[in-house]
Structures are given as structure tokens and as C-alpha cells.
Participant: 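Sharing a structure below in C-alpha cells format, with a few things to ask.
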Amino acid sequence: MNLSELVINDITPIGIDQKISAVKQMFNNLTYSHIPVSNSEGEFIGCVSESDSHCFNSSETIQDCEYAIELFSVDEKTNWLDVLEAFAQNAANIMPVLSEGAYIGYYELNDIISLFDQTPFFYEAGAVLVVKKEPNDYSFSEISQIVESNNAKLLGAFLTKLDTDYAEITLKINNTGLSDITQTFRRYGYEIVAGYEEDSYVQNLKERSEYLKKYLNI
């Protein structure tokens with residue numbers, strides 16, 4: 001997926017010499033969790049969060065509170081799943097985008113989440129199967145081989161849980177008949193957690209995604 005069309009550049013990083021009062025005013029006019037910050041040379045150096053800004057004296061400058069600047073961003077070539085992970089790791093709804101180290105704009109979390117709707121996992125008809133196995137025993141190549149050996153195609157797969165005991169993998173399969181596929185998975189040592197031969201599971205994910213997008217727009 002080409003994310004370049006999702007880069008927004010209507011916010012210029014605020015200078016580190018600006019007062020906290022200016023930061024608070026920006027947050028009053030925006031719905032973002034963070035605002036990008038630049039140093040005296042105009043170079044991006046990180047972000048200041050809305051929650052932190054409320055803890056600082058309005059007469060102070062950002063530089064006075066430099067210890068609270070959070071250094072996170074993604075490169076313009078970062079793939080969308082890694083971008084989504086960066087959002088989650090930093091509890092942010094805005095993600096600065098850099099090109100060769102220079103700030104060129106930002107992504108909105110809402111826009112990145114909406115990319116899920118464009119994947120075959122959501123829009124293709126099929127069944128959803130949830131399997132689990134010990135972390136060192138599963139492989140996506142084996143999972144794909146099991147599905148394809150039953151004359152089906154794997155439309156998507158992702159880890160929904162991973163710990164020392166087991167890995168749980170959610171699969172979207174284009175064949176709604178899961179009986180033969182689940183039997184094959186069991187022969188390969190996989191435990192079947194759940195199987196949904198209709199699209200109710202995916203529809204539920206869509207509804208949750210829509211709810212999250214509405215929440216982010218509040």
C-alpha cells in the first residue's frame with residue numbers, strides 16, 4: 001500500500017523556544033494526542049503530549065521541559081503495519097513522518113486504521129479460523145500449505161496472541177467449508193480455538209473498527 005497519499009502537512013513542528021501556553025492553545029484547537037517539536041535549527045526532535053502540557057507552567061518554554069519530549073516517528077517508506085504498531089507503542093493518534101531524517105508531515109491514526117477495510121481480510125467472502133500452537137512449532141508457510149492442500153486460499157493471517165505457552169493465529173480463508181481444513185490442522189498439531197463459517201466474525205471486526213473511528217472523531 002502506498003501511504004504517501006495519507007501524509008498530512010498542515011502542522012509545522014512548534015519551536016522548542018515556544019512557551020507552553022502556545023502548546024496548550026494548539027491542543028485547544030486540535031484533537032491530537034501530540035504535537036511535533038523542532039529545535040532552534042528547525043529540525044524535528046520529537047513530540048510533546050497533551051497530557052504532559054497540562055502539567056507544565058504556561059510561562060515555561062518547551063525547552064524548559066525538554067526531558068518530556070517523546071522521540072517517535074516513522075520513515076516515509078515504513079510499511080503500514082509497522083506504522084500501526086508505532087501508533088500503538090506510543091499511545092498516539094498522530095505520527096510524524098520523516099524523509100531522510102527531515103519532517104514532511106504526519107499520519108492520522110484514523111486514516112491508517114481505515115486501510116484494514118481495503119484488505120482482502122475484510123472485503124473478500126470466506127471463513128475465519130483461529131488456531132494455536134506452541135510458539136516454536138508454528139510457521140506461516142506451514143499454515144499456508146495446510147490451507148492450500150485443501151483447495152483453499154489464505155486471504156490473511158495475523159497473530160492475535162503470543163506468549164511463552166502458545167501462539168494464536170487468526171486466518172481468513174476463501175473457502176467457507178472448514179471441516180477438512182480443521183482436521184488437517186489437528187493432524188499437524190494445531191489446536192482449533194474457533195471457526196466461523198460465515199462472515200459474522202469479520203463483520204464484528206468491521207463494526208469495532210467503525211466504532212473506533214467514530215470514537216477518534218469525537
Participant: If the plane angle is over 60° it's perpendicular, under 30° parallel, otherwise tilted; pick one for H34 and F72.
Facilitator: perpendicular
Participant: Taking NZ in K153 as the centre, count heavy atoms belonging to other residues, nucleotides or ligands within less than 6.0 Å. Is the count above 12?
Facilitator: no
Participant: Whether K132 engages the ring of Y166 as a cation-pi pair (distance to the six-membered ring centre under 6.0 angstrom, angle to the ring normal within 45°) should be assessed.
Facilitator: yes
Participant: Decide yes or no for Y190 and I146: does some side-chain heavy atom of the first lie under 4.5 Å from some side-chain heavy atom of the second?
Facilitator: yes
Participant: Could you walk me through whether T61 and D64 pass the side chain to side chain donor-acceptor pair (under 3.5 Å) test, one step at a time?
Facilitator: CA-CA 5 Å; T61 66; D64 293 330; 3.2 Å; yes
Participant: On a heavy-atom basis, which atom in D111 and which in I8 lie closest, and how many Å separate them?
Facilitator: OD2-CD1, 4.0 Å
Participant: Please report the closest heavy-atom contact between F87 and N93, naming both atoms and the distance.
Facilitator: CE2-C, 3.5 Å
Participant: Using the side chain to side chain contact (heavy atoms under 4.5 Å, CB included) rule, take V7 and E76 through it: C-alpha gap first, then chi angles, then the decisive distance, then the call.
Facilitator: CA-CA 9 Å; V7 176; E76 62 177 339; 6.0 Å; no
Participant: Could you tell me whether a side-chain N or O of Q18 sits under 3.5 Å from a main-chain N or O of G15, the two making a donor and an acceptor?
Facilitator: no
Participant: Checking S99 side chain against A102 main chain: does a donor-acceptor pair fall under 3.5 Å?
Facilitator: no
Participant: Mind checking whether I113 and V83 sit in one hydrophobic cluster, side chains of I, L, V, M, F, W, Y counted as touching below 4.5 Å?
Facilitator: yes
Participant: Would a distance-only check, ignoring hydrogens and angles, find a side-chain to backbone donor-acceptor pair under 3.5 Å from S144 to S141?
Facilitator: no
Participant: Is there side-chain contact between P96 and F44, with at least one heavy-atom pair below 4.5 Å?
Facilitator: yes
Participant: Is it the case that atom CD in Q89 sees more than 12 heavy atoms from other parts of the structure closer than 6.0 Å?
Facilitator: yes
Participant: Is there side-chain contact between I20 and C65, with at least one heavy-atom pair below 4.5 Å?
Facilitator: yes
Participant: Return yes if some donor-acceptor pair links the side-chain N/O of T160 with the main-chain N/O of E168 below 3.5 Å, else return no.
Facilitator: yes
Participant: In terms of hydrophobic clusters joined by side-chain contacts under 4.5 Å, are I45 and V97 together?
Facilitator: no
Participant: Look up atom CD1 in I169 and atom CZ in F185, then write down how far apart they are to the nearest 0.5 Å.
Facilitator: 8.0 Å
Participant: Do L129 and L155 sit in the same hydrophobic cluster, where Ile, Leu, Val, Met, Phe, Trp and Tyr count as joined when their side-chain heavy atoms come under 4.5 Å apart?
Facilitator: no
Participant: Could you please spell out the steps behind the side chain to side chain contact (heavy atoms under 4.5 Å, CB included) verdict for V128 and T170?
Facilitator: CA-CA 7 Å; V128 172; T170 298; 3.8 Å; yes
Participant: Under 6.0 Å from the CZ atom of F140, do we count more than 12 heavy atoms belonging to anything else shown?
Facilitator: yes
Participant: Given side chains that start at C-beta, do those of Q183 and S179 come closer than 4.5 Å, heavy atoms only?
Facilitator: yes
Participant: Can you tell if the side chain of S40 reaches within under 4.5 Å of the side chain of D17, non-hydrogen atoms only?
Facilitator: no
Participant: Would you say that Y103 contacts P36 through its side chain, given a criterion of any heavy-atom pair below 4.5 Å between the two side chains?
Facilitator: yes
Participant: Heavy atoms only: give me the nearest A86-V74 pair and the separation to one decimal.
Facilitator: CB-CG1, 3.8 Å
Participant: Within this structure, what is the CD-OG1 distance for the pair E191 and T182, rounded to the nearest 0.5 Å?
Facilitator: 13.0 Å
Participant: Looking at every non-hydrogen atom in both residues, tell me the closest pair between V37 and P13 and how far apart they are.
Facilitator: C-CB, 3.8 Å
Participant: Is I112 reachable from M95 through a run of hydrophobic residues whose side-chain heavy atoms are each under 4.5 Å from the next?
Facilitator: yes
Participant: Between I94 and L30, is any pair of side-chain heavy atoms under 4.5 Å apart?
Facilitator: no
Participant: Between I69 and I16, is there a side-chain heavy-atom distance shorter than 4.5 Å?
Facilitator: yes
Participant: Quick one: pull up NE2 in H54 and OG in S49 and give me the separation to the nearest 0.5 Å.
Facilitator: 9.0 Å
Participant: Rounded to the nearest 0.5 Å, how far does CD of Q25 lie from OG of S53?
Facilitator: 11.5 Å
Participant: Distance from L84 atom CG to T78 atom OG1, nearest 0.5 Å?
Facilitator: 12.5 Å
Participant: Which value, rounded to the nearest 0.5 Å, describes the distance between I181 atom CD1 and N151 atom CG?
Facilitator: 9.0 Å
Participant: Write down the atom of N79, the atom of L3, and the distance for their closest heavy-atom approach.
Facilitator: C-CD1, 4.4 Å
Participant: Looking at N150 and A152, would you say the former's side chain and the latter's main chain have a donor-acceptor pair under 3.5 Å?
Facilitator: no
Participant: I'd like to know if I192 and L162 are part of one continuous hydrophobic network [Ile/Leu/Val/Met/Phe/Trp/Tyr, side-chain heavy atoms within less than 4.5 Å].
Facilitator: yes
Participant: Are more than 12 heavy atoms from other residues, nucleotides or ligands located less than 6.0 Å from atom CD of E148?
Facilitator: yes
Participant: Identify the two heavy atoms, one from Y188 and one from E142, that lie closest to each other, and give their separation to 0.1 Å.
Facilitator: CD2-OE2, 3.4 Å
